[in-house]
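What follows is one structure encoded as C-alpha coordinates, with my remarks underneath.
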Amino acid sequence: LLKEAIKRVDYCATWVKWDYELVKHFNPSMKLIYYNNNSINQLIERELQYPISTLFQNILSEKYIIIGNSGDPSNNHLEAFDLIKNFKDYKIVLPLSYGDKRYIDMLLTKGHEFFEDRFIPITDFVQKEEYNLLIKNAEFIIMNHLRQQAANNILTALWYNVPVFMNQESPLYKTFIDWGVGLYSINDLRDEVIFKYKETHDREILTKYMVEQFIHESYLKILMSHD
(Lines give C-alpha, C1' and ligand atoms only; values in the text may rest on other atoms or scores of the structure.)
Protein backbone atom coordinates (compact mmCIF):
# COMPACT_ATOMS: atom_id res chain seq x y z
CA LEU A 1 0.00 0.00 0.00
CA LEU A 2 2.84 2.40 0.87
CA LYS A 3 4.62 1.66 -2.41
CA GLU A 4 1.42 2.35 -4.32
CA ALA A 5 0.99 5.65 -2.49
CA ILE A 6 4.57 6.69 -3.32
CA LYS A 7 3.84 6.12 -6.99
CA ARG A 8 1.17 8.84 -6.81
CA VAL A 9 3.50 11.48 -5.30
CA ASP A 10 4.83 14.19 -7.63
CA TYR A 11 7.40 15.81 -5.36
CA CYS A 12 9.63 14.80 -2.47
CA ALA A 13 10.48 17.79 -0.24
CA THR A 14 13.57 17.11 1.87
CA TRP A 15 17.14 18.29 2.41
CA VAL A 16 18.44 14.72 2.65
CA LYS A 17 19.00 13.80 -0.98
CA TRP A 18 19.55 10.11 -0.30
CA ASP A 19 16.16 9.75 1.40
CA TYR A 20 14.75 10.91 -1.91
CA GLU A 21 16.90 8.40 -3.77
CA LEU A 22 15.39 5.61 -1.66
CA VAL A 23 11.78 6.45 -2.48
CA LYS A 24 12.56 7.37 -6.08
CA HIS A 25 13.21 3.67 -6.65
CA PHE A 26 9.41 3.20 -6.44
CA ASN A 27 8.57 6.31 -8.45
CA PRO A 28 11.26 7.36 -10.96
CA SER A 29 9.22 10.37 -12.10
CA MET A 30 9.14 11.92 -8.62
CA LYS A 31 10.98 15.27 -8.42
CA LEU A 32 13.18 16.48 -5.57
CA ILE A 33 12.59 19.86 -3.92
CA TYR A 34 15.01 21.10 -1.28
CA TYR A 35 13.14 21.63 2.00
CA ASN A 36 14.48 22.39 5.45
CA ASN A 37 12.63 24.01 8.34
CA ASN A 38 15.59 24.47 10.67
CA SER A 39 18.46 26.88 10.01
CA ILE A 40 21.90 26.46 11.55
CA ASN A 41 21.31 29.74 13.41
CA GLN A 42 18.35 28.22 15.24
CA LEU A 43 20.50 25.31 16.36
CA ILE A 44 23.43 27.17 17.84
CA GLU A 45 22.51 30.84 18.33
CA ARG A 46 21.64 30.82 22.04
CA GLU A 47 24.31 30.69 24.73
CA LEU A 48 23.83 29.15 28.15
CA GLN A 49 22.33 31.73 30.52
CA TYR A 50 22.42 29.79 33.79
CA PRO A 51 24.76 27.51 35.77
CA ILE A 52 25.11 24.01 34.36
CA SER A 53 24.13 20.96 36.39
CA THR A 54 26.57 19.08 38.60
CA LEU A 55 26.37 16.08 36.25
CA PHE A 56 27.37 18.18 33.25
CA GLN A 57 30.13 19.92 35.21
CA ASN A 58 31.60 16.50 35.96
CA ILE A 59 31.30 15.37 32.34
CA LEU A 60 32.84 18.56 30.95
CA SER A 61 35.86 18.20 33.21
CA GLU A 62 36.83 14.94 31.46
CA LYS A 63 37.61 13.72 27.94
CA TYR A 64 34.46 12.05 26.68
CA ILE A 65 32.73 10.47 23.69
CA ILE A 66 29.01 10.79 22.94
CA ILE A 67 27.27 7.75 21.43
CA GLY A 68 23.83 8.10 19.85
CA ASN A 69 21.03 10.55 20.52
CA SER A 70 18.38 8.46 22.27
CA GLY A 71 17.38 5.13 23.74
CA ASP A 72 16.06 3.84 20.43
CA PRO A 73 17.46 0.55 19.03
CA SER A 74 18.14 2.27 15.70
CA ASN A 75 21.20 3.85 17.36
CA ASN A 76 22.93 0.44 17.21
CA HIS A 77 24.77 1.20 20.46
CA LEU A 78 26.24 -2.25 21.06
CA GLU A 79 28.11 -2.27 17.76
CA ALA A 80 29.57 1.12 18.69
CA PHE A 81 30.47 -0.20 22.18
CA ASP A 82 32.47 -2.97 20.59
CA LEU A 83 34.30 -0.59 18.26
CA ILE A 84 35.51 1.65 21.10
CA LYS A 85 36.05 -0.93 23.84
CA ASN A 86 39.80 -0.27 23.77
CA PHE A 87 39.47 3.51 24.08
CA LYS A 88 40.36 3.55 27.76
CA ASP A 89 41.06 7.27 28.16
CA TYR A 90 37.54 8.51 27.55
CA LYS A 91 34.30 8.72 29.48
CA ILE A 92 31.40 7.28 27.48
CA VAL A 93 28.28 9.47 27.45
CA LEU A 94 24.91 8.09 26.28
CA PRO A 95 21.89 10.40 25.87
CA LEU A 96 18.98 8.16 26.92
CA SER A 97 16.26 10.61 27.91
CA TYR A 98 13.72 8.98 25.60
CA GLY A 99 13.24 5.76 23.68
CA ASP A 100 12.36 2.15 24.34
CA LYS A 101 12.41 1.47 28.10
CA ARG A 102 13.49 -2.17 27.83
CA TYR A 103 16.24 -1.22 25.40
CA ILE A 104 17.40 1.58 27.70
CA ASP A 105 17.48 -0.79 30.68
CA MET A 106 19.61 -3.18 28.64
CA LEU A 107 21.99 -0.35 27.69
CA LEU A 108 22.36 0.72 31.31
CA THR A 109 23.46 -2.81 32.16
CA LYS A 110 25.71 -3.30 29.13
CA GLY A 111 27.21 0.16 29.43
CA HIS A 112 28.43 -0.52 32.95
CA GLU A 113 29.70 -3.96 31.88
CA PHE A 114 31.70 -2.51 28.99
CA PHE A 115 32.98 0.72 30.53
CA GLU A 116 32.48 0.42 34.31
CA ASP A 117 32.82 3.83 36.02
CA ARG A 118 33.58 5.53 32.69
CA PHE A 119 29.97 5.03 31.60
CA ILE A 120 27.74 8.11 31.99
CA PRO A 121 24.09 7.76 30.89
CA ILE A 122 21.93 10.88 30.65
CA THR A 123 18.40 9.74 31.42
CA ASP A 124 16.72 13.12 31.98
CA PHE A 125 15.84 15.81 29.46
CA VAL A 126 18.09 18.87 29.52
CA GLN A 127 17.90 22.37 28.05
CA LYS A 128 19.07 22.69 24.44
CA GLU A 129 21.82 25.15 25.37
CA GLU A 130 23.23 22.74 27.94
CA TYR A 131 23.05 19.83 25.51
CA ASN A 132 24.80 21.88 22.81
CA LEU A 133 27.57 22.61 25.31
CA LEU A 134 27.95 18.87 25.82
CA ILE A 135 28.28 18.29 22.08
CA LYS A 136 30.62 21.24 21.61
CA ASN A 137 33.14 19.91 24.14
CA ALA A 138 33.08 16.22 23.17
CA GLU A 139 36.21 14.61 21.77
CA PHE A 140 34.00 13.07 19.10
CA ILE A 141 30.48 11.72 18.62
CA ILE A 142 29.26 8.44 17.15
CA MET A 143 25.95 8.20 15.30
CA ASN A 144 25.60 4.60 14.11
CA HIS A 145 22.10 4.85 12.62
CA LEU A 146 21.23 3.18 9.32
CA ARG A 147 18.44 5.66 8.65
CA GLN A 148 18.27 9.45 8.84
CA GLN A 149 18.36 10.37 12.51
CA ALA A 150 20.03 12.78 14.97
CA ALA A 151 20.48 15.44 12.28
CA ASN A 152 20.49 18.37 14.73
CA ASN A 153 23.07 16.64 16.95
CA ILE A 154 25.29 16.04 13.94
CA LEU A 155 24.89 19.56 12.56
CA THR A 156 25.76 21.07 15.94
CA ALA A 157 28.87 18.90 16.22
CA LEU A 158 30.00 19.79 12.71
CA TRP A 159 29.49 23.49 13.36
CA TYR A 160 31.80 23.29 16.38
CA ASN A 161 34.35 21.16 14.49
CA VAL A 162 33.72 18.09 16.64
CA PRO A 163 34.60 14.90 14.70
CA VAL A 164 31.52 12.87 13.77
CA PHE A 165 31.57 9.13 13.04
CA MET A 166 28.57 7.80 11.14
CA ASN A 167 27.41 4.58 9.56
CA GLN A 168 28.15 4.73 5.83
CA GLU A 169 24.74 3.24 5.02
CA SER A 170 22.93 6.26 6.46
CA PRO A 171 21.23 8.50 3.87
CA LEU A 172 22.31 11.42 6.04
CA TYR A 173 25.96 10.35 5.86
CA LYS A 174 25.75 10.07 2.07
CA THR A 175 24.11 13.49 1.78
CA PHE A 176 26.77 15.17 3.90
CA ILE A 177 29.52 13.48 1.88
CA ASP A 178 27.91 14.83 -1.30
CA TRP A 179 28.05 18.31 0.26
CA GLY A 180 31.76 17.86 1.00
CA VAL A 181 31.43 17.67 4.78
CA GLY A 182 34.41 16.15 6.62
CA LEU A 183 32.78 13.11 8.21
CA TYR A 184 34.33 9.86 9.41
CA SER A 185 32.98 6.34 8.97
CA ILE A 186 32.44 4.23 12.07
CA ASN A 187 34.93 1.80 10.51
CA ASP A 188 37.61 4.44 11.16
CA LEU A 189 37.16 3.80 14.87
CA ARG A 190 39.13 0.59 14.57
CA ASP A 191 42.29 2.70 14.43
CA GLU A 192 42.77 5.45 17.04
CA VAL A 193 45.36 7.07 14.77
CA ILE A 194 42.34 8.65 13.08
CA PHE A 195 42.46 11.44 15.65
CA LYS A 196 44.81 13.38 13.48
CA TYR A 197 41.82 15.64 12.83
CA LYS A 198 40.92 16.59 9.30
CA GLU A 199 41.04 20.24 8.34
CA THR A 200 37.50 20.93 7.18
CA HIS A 201 35.38 23.74 5.81
CA ASP A 202 32.21 22.45 7.41
CA ARG A 203 30.97 25.83 8.65
CA GLU A 204 31.23 27.26 5.16
CA ILE A 205 29.32 24.29 3.74
CA LEU A 206 26.62 24.35 6.42
CA THR A 207 26.20 28.09 5.98
CA LYS A 208 25.58 27.49 2.28
CA TYR A 209 22.87 24.87 2.75
CA MET A 210 21.40 25.76 6.15
CA VAL A 211 21.37 29.56 6.24
CA GLU A 212 17.97 31.22 6.66
CA GLN A 213 18.05 33.00 3.28
CA PHE A 214 18.68 29.74 1.42
CA ILE A 215 15.84 28.07 3.32
CA HIS A 216 13.52 30.99 2.57
CA GLU A 217 14.30 30.67 -1.13
CA SER A 218 13.58 26.95 -1.01
CA TYR A 219 10.12 27.69 0.45
CA LEU A 220 9.40 30.00 -2.48
CA LYS A 221 10.42 27.26 -4.94
CA ILE A 222 7.99 24.85 -3.26
CA LEU A 223 5.14 27.37 -3.53
CA MET A 224 5.92 28.03 -7.16
CA SER A 225 6.43 24.39 -8.22
CA HIS A 226 4.21 23.10 -10.98
CA ASP A 227 4.42 20.93 -14.07
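Everything numeric in this text was worked out from a predicted model, so none of it was measured.
L60 and Y131 fall within the same hydrophobic cluster, where Ile, Leu, Val, Met, Phe, Trp and Tyr residues are linked whenever their side-chain heavy atoms come under 4.5 Å apart, directly or through other members. Taken together through direct or relayed side-chain contacts under 4.5 Å among Ile, Leu, Val, Met, Phe, Trp and Tyr, V23 and V9 form part of one hydrophobic cluster.
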Worked check of side chain to side chain contact (heavy atoms under 4.5 Å, CB included) between Y64 and L134: CA-CA 9 Å; Y64 61 90; L134 185 72; 3.8 Å; yes
Test ring-ring contact (aromatic ring centres under 6.0 Å, His included) applied to F115 and F81, step by step: CA-CA 9 Å; F115 308 113; F81 284 6; 5.1 Å; yes
Steps toward ring-ring contact (aromatic ring centres under 6.0 Å, His included) verdict (F165, F140): CA-CA 8 Å; F165 293 80; F140 60 93; 5.1 Å; yes
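Listed by chain and number, the residues in a ring pair (Phe, Tyr, Trp, His ring centres under 6.0 Å) with Y20 amount to none (sequence neighbours excluded).
Using the six-membered ring where Trp is involved, W179 and F176 have ring planes that are perpendicular, over 60° apart on the 30 and 60° scheme.
Taking every heavy atom of both residues into account, A138 and I141 meet most closely at CB-CG2, 4.2 Å. Among all heavy-atom pairs drawn from F119 and L108, the shortest one is CE2-O, 3.9 Å. Shown here for L22 and P171, the closest heavy-atom pair between the two residues is CD1-CG, 3.9 Å. Heavy-atom minimum distance, P121 versus L96: CB-CD1, 4.1 Å. In terms of heavy atoms, Y103 sits closest to G71 at CD2-O, 3.2 Å. When all heavy atoms of A80 and N144 are compared, the pair lying nearest together is N-ND2, 4.2 Å.
Checking side-chain atoms of Y34 against main-chain N and O of Y209 turns up a donor-acceptor pair under 3.5 Å. Here the side chain of S74 pairs no donor or acceptor atom with the backbone of H145 at under 3.5 angstrom. With hydrogens and angles ignored, the 3.5 Å screen pairs a side-chain donor or acceptor of N75 with a backbone N or O of S70. Side-chain atoms of N167 never come within 3.5 Å of backbone atoms of I186 as a donor-acceptor pair (strictly under, hydrogens ignored). With hydrogens and angles ignored, the 3.5 Å screen pairs a side-chain donor or acceptor of N27 with a backbone N or O of I6.
Look at D105 and K101 and you find a salt bridge, because one of the NZ, NE, NH1 or NH2 atoms lies within 4.0 Å of a carboxylate O, short of that distance.
Note: M106 CE to R102 CZ = 11.0 Å, rounded to the nearest 0.5 Å. Atom OG1 in T14 sits 8.5 Å away from atom CG in N36 (nearest 0.5 Å). Rounded to the nearest 0.5 Å, atoms CG (L78) and CD1 (I67) are 10.0 Å apart. Distance OH/Y173 to CG/D178: 10.5 Å, rounded to 0.5 Å. Within the model, atoms CD1 of I142 and CG of D188 stand 11.0 Å from one another, a figure rounded to the nearest 0.5 Å. Within the model, atoms CD1 of I66 and NZ of K91 stand 15.0 Å from one another, a figure rounded to the nearest 0.5 Å.
Contact annotation: the side chain of L158 never approaches that of I205 to less than 4.5 Å [non-hydrogen atoms, C-beta and beyond]. By the 4.5 Å heavy-atom criterion applied to side chains, M143 and N69 are counted as neighbours. Taking the side chain as every heavy atom from C-beta outward, V164 and V181 never approach each other to under 4.5 Å. You'll find the side chain of L172 reaches within 4.5 Å of the side chain of W15, heavy atoms only. T156 has its side chain out of reach of N153: every pair of non-hydrogen atoms, C-beta onward, lies at least 4.5 Å apart. L155 is not listed as a side-chain neighbour of W159, based on a closest heavy-atom distance of 4.5 Å or more. Two residues are said to be in side-chain contact when any heavy atoms from C-beta on lie closer than 4.5 Å; K17 and K174 fail this criterion.
With side-chain heavy atoms closer than 4.5 Å counting as contact, directly or through intermediates, W18 stands alone and belongs to no larger hydrophobic cluster.
Between the side chains of Y160 and N137, no donor N or O sits under 3.5 Å from an acceptor N or O.
Applying side chain to side chain contact (heavy atoms under 4.5 Å, CB included) to F56 and the options V93, V126, L133, I120 leaves one that passes, V126.
Applying the salt bridge (charged side-chain N to carboxylate O under 4.0 Å, His left out) test to every pair with at least one member in residues 62-83, sequence neighbours left out, gives these pairs: D82-K85.
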